[in-house]
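Note that the numbering runs from 1 along the sequence shown for the chain. For the numbers below, each heavy atom of this structure counts, side chains included, while hydrogens, waters and symmetry mates do not.
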Amino acid sequence: IAEALGAPEYQKLGLSSEFAIAVTAMRHCLAIRNQYAHCQWYDDYGPRLAFVNMEDIAHLNTTIHDYRGLTTRYVDVALLTEQERFFAHADGSFAYVNYEGRKRAGTLPGGHVFAPPVPLAAPSLYL
């Protein structure tokens, strides 16, 4: 709903692509967040953090006695740091669109508050 309401307004201000980039980044952040919100961490005795998606269990019609029957995914500190940096990038993208839109609409006095965000590739969800 927010995208449908915002897109035409930002288009009028010449910020269509910047708004679309911010929305795309936010959606990737949502995918990262959802995988962690619906997971169970466990120790598989390896060097990385292991987790399984509990949504996988919801679709099975059987009893699960351990996690070996589920797809194990992994992350490490480097990936988590990259994901955190991407969350900050998404936040900065929305801040830029918000303030630049208000500046262009004439409702924000003064100079530019935020510089346009530097493009940042979306990180993997897991290793």
Side-chain angles (χ1 to χ4, degrees):
I1 294 171
E3 182 179 9
L5 293 172
E9 298 304 316
Y10 285 114
Q11 181 177 13
K12 290 177 195 173
L13 299 169
L15 291 167
S16 289
S17 63
E18 292 87 345
F19 182 67
I21 288 167
V23 169
T24 300
M26 182 272 311
R27 286 197 173 120
H28 191 68
C29 289
L30 179 63
I32 293 169
R33 177 256 177 226
N34 283 348
Q35 82 170 356
Y36 295 139
H38 303 181
C39 81
Q40 179 66 45
W41 299 97
Y42 75 100
D43 185 0
D44 72 346
Y45 305 106
R48 303 167 294 181
L49 298 168
F51 69 95
V52 293
N53 186 339
M54 300 311 284
E55 293 287 320
D56 293 347
I57 295 173
H59 303 291
L60 299 176
N61 190 19
T62 185
T63 302
I64 301 295
H65 298 285
D66 60 41
Y67 297 135
R68 287 180 287 190
L70 301 174
T71 302
T72 302
R73 295 190 173 98
Y74 299 94
V75 295
D76 60 13
V77 172
L79 179 58
L80 292 172
T81 300
E82 188 180 354
Q83 289 174 347
E84 180 183 24
R85 188 173 329 129
F86 193 77
F87 272 73
H89 165 72
D91 182 51
S93 295
F94 273 110
Y96 171 74
V97 169
N98 173 25
Y99 284 94
E100 184 65 19
R102 291 167 57 197
K103 177 70 178 162
R104 291 183 187 187
T107 61
L108 182 68
H112 295 278
V113 179
F114 289 92
V118 176
L120 185 64
S124 299
L125 296 176
Y126 47 83
L127 300 174

Check: W41 ring centroid to Y36 ring centroid under 6.0 Å:
yes

Give me the ring orientation class for F51 and Y126: parallel if the planes are under 30° apart, tilted from 30 to 60°, perpendicular past 60°.
perpendicular

One should read off an interatomic distance between L120 CG and I21 CD1, to the nearest 0.5 angstrom, of 11.5 Å

Heavy atoms of N53 and H38 approach each other most closely as OD1-O, 3.2 Å

Same cluster (ILVMFWY, side-chain, under 4.5 Å), L125 and F86
no

Nearest atoms (heavy-atom pairs only) where L5 meets E9:
O-CG, 3.7 Å

In this structure, OG1 of T107 is separated from CZ of R102 (nearest 0.5 Å) by 5.5 Å

Drop me the distance from E82's CD to E84's CD, to the nearest 0.5 angstrom.
12.0 Å

Heavy atoms of A90 and M26 approach each other most closely as CB-N, 4.3 Å

Do the non-hydrogen side-chain atoms of V52 and T71 ever get within less than 4.5 Å of each other?
no

Side chains of L108 and Y99 in contact at under 4.5 Å (non-hydrogen atoms):
yes

According to a 4.5 Å side-chain heavy-atom criterion applied to Ile, Leu, Val, Met, Phe, Trp and Tyr, with indirect links allowed, do V75 and F87 form part of one hydrophobic cluster?
yes

Can a donor-acceptor pair be found, under 3.5 Å and without considering hydrogens, that links the side chain of H28 to the backbone of P123?
yes

Does any non-hydrogen side-chain atom of P117 lie less than 4.5 Å from one of E18?
no

Parallel, tilted or perpendicular: which fits the ring planes of F94 and F19, with parallel below 30° and perpendicular above 60°?
perpendicular

Check whether any side-chain heavy atom of R27 sits under 4.5 Å from a side-chain heavy atom of E3, and report yes or no.
yes

Closest non-hydrogen atoms of R48 and L127, given as atom of the first, atom of the second and distance, are CD-CD1, 3.8 Å

dist Y10:OH -> N98:CG (nearest 0.5 Å) comes out at 5.0 Å

In terms of side-chain geometry, is the basic nitrogen of K103 or E100 positioned less than 4.0 Å from the acidic oxygen of its partner?
no

Do L15 and V113 sit in the same hydrophobic cluster, where Ile, Leu, Val, Met, Phe, Trp and Tyr count as joined when their side-chain heavy atoms come under 4.5 Å apart?
yes

Does S124 offer a backbone N or O that forms a donor-acceptor pair with the side chain of Q83 under 3.5 Å?
yes

OG1/T72 to CG/D44 distance, rounded to the nearest 0.5 angstrom?
6.5 Å

Quick one: closest heavy-atom pair of A50 and Y74, and the distance?
CB-CE2, 3.7 Å

To the nearest 0.5 Å, how far apart are CD1 in I32 and CG in L79?
8.0 Å

